[in-house]
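Hydrogens, waters and symmetry mates play no part in the numbers below; they use all other heavy atoms, side chains included. What you see is a predicted model; the values in this text were computed from it and never measured.
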Amino acid sequence: MASEDPIYRVAFLNQDKVYELYVRHVYPSDMWGFVELEGFIFGSRSELLVDPGEEKLKQQFADVKRSLVPMQAIIRIDEVRQEGTAKISDAKGTVTAFPTIPPKL
């Protein structure tokens, strides 16, 4: 019985937005302090209903082979049974990612 390749749901902060992506490979980068994401997975194009948020992510990551995300930006990494819908949402709440750059006065 051959095991299927795992699928990971990765949530991370990027410019006050939470990106939730599905990828095939997640591992620490050779560049210190970064996590590498490879094998981006997006919904099939045969679906009749198109999610504009997912389409935006498809366009943004269309030609990306590998993405390096700072470790402190990672919110959560889950191994899932099947991919879902990639999305971008507003970062809400009172928890601030560490470290932060103080605002200019």
Side-chain angles (χ1 to χ4, degrees):
M1 180 172 160
S3 64
E4 294 182 21
D5 289 336
I7 296 173
Y8 299 96
R9 178 178 54 215
V10 181
F12 62 93
L13 289 171
N14 183 27
Q15 299 177 347
D16 295 330
K17 301 284 185 188
V18 176
Y19 282 54
E20 189 173 299
L21 299 173
Y22 291 84
V23 296
R24 296 230 180 256
H25 306 286
V26 177
Y27 46 89
S29 173
D30 291 337
M31 189 180 304
W32 189 80
F34 287 85
V35 173
E36 291 190 28
L37 307 177
E38 284 185 353
F40 296 95
I41 303 169
F42 295 102
S44 66
R45 295 182 183 268
S46 63
E47 296 175 6
L48 295 176
L49 187 59
V50 176
D51 182 6
E54 186 175 31
E55 286 300 314
K56 181 178 177 181
L57 283 168
K58 280 183 190 180
Q59 291 173 359
Q60 187 172 352
F61 289 94
D63 296 326
V64 176
K65 178 182 174 186
R66 174 178 52 192
S67 185
L68 287 91
V69 178
M71 283 186 189
Q72 68 267 19
I74 299 288
I75 297 171
R76 184 176 180 149
I77 300 172
D78 296 319
E79 184 176 345
V80 295
R81 293 177 196 220
Q82 63 184 19
E83 70 270 10
T85 303
K87 58 186 171 185
I88 300 174
S89 57
D90 290 327
K92 298 178 184 172
T94 58
V95 178
T96 303
F98 180 80
T100 60
I101 300 171
K104 295 180 182 180
L105 298 174

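Pairing each heavy atom of Tyr8 with each of His25, the nearest pair is CD1-N, 4.5 Å. Ile41 approaches Ile7 most closely through the heavy-atom pair CD1-CG2, 3.9 Å. When every heavy atom of Glu38 is checked against every heavy atom of Lys65, the shortest pair comes out as CG-O, 3.8 Å. For the residue pair Phe42 and Phe40, the shortest heavy atom distance occurs at CE1-CB, 3.8 Å. When all heavy atoms are compared, the tightest approach of Leu57 to Lys87 is CD1-N, 3.4 Å. Pairing each heavy atom of Gln72 with each of Gly33, the nearest pair is OE1-O, 4.5 Å.
In this structure, Asp90 and Asp16 have side chains that are not in contact, with every pair of non-hydrogen atoms separated by 4.5 Å or more. Side-chain contact between Val23 and Val10: present, with at least one pair of heavy atoms (C-beta onward) separated by less than 4.5 Å. The closest side-chain heavy-atom distance from Val35 to Val26 is below 4.5 Å. At a threshold of 4.5 Å between non-hydrogen side-chain atoms, the residues Leu37 and Arg66 do not count as touching. Residues Arg9 and Leu21 are not in side-chain contact: their nearest non-hydrogen atoms beyond the backbone lie 4.5 Å or more apart.
Using bins of under 30°, 30° to 60° and over 60° for the plane-to-plane angle, the ring pair Tyr19/Phe12 lands in the parallel bin.
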(request) Any chance you could lay out the side-chain contact (heavy atoms from CB on, under 4.5 Å) test for Ile74 and Val69, step after step, and finish with the verdict? (result) CA-CA 7 Å; Ile74 299 288; Val69 178; 3.8 Å; yes

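A 6.0 Å sphere centred on CD of Gln82 holds no more than 12 heavy atoms belonging to other residues, nucleotides or ligands.
The side-chain hydrogen bond (donor to acceptor under 3.5 Å, both in side chains) check on Arg76 picks up Asp78, with sequence neighbours excluded. For the ring pair (Phe, Tyr, Trp, His ring centres under 6.0 Å) test, no residue two or more places apart in sequence or in another chain qualifies with Tyr22. Annotation: side-chain hydrogen bond (donor to acceptor under 3.5 Å, both in side chains) contacts of Ser29 (sequence neighbours excluded): Glu36.
Interatomic distance, OG of Ser89 versus CD of Glu20, reported as 7.5 Å (0.5 Å rounding).
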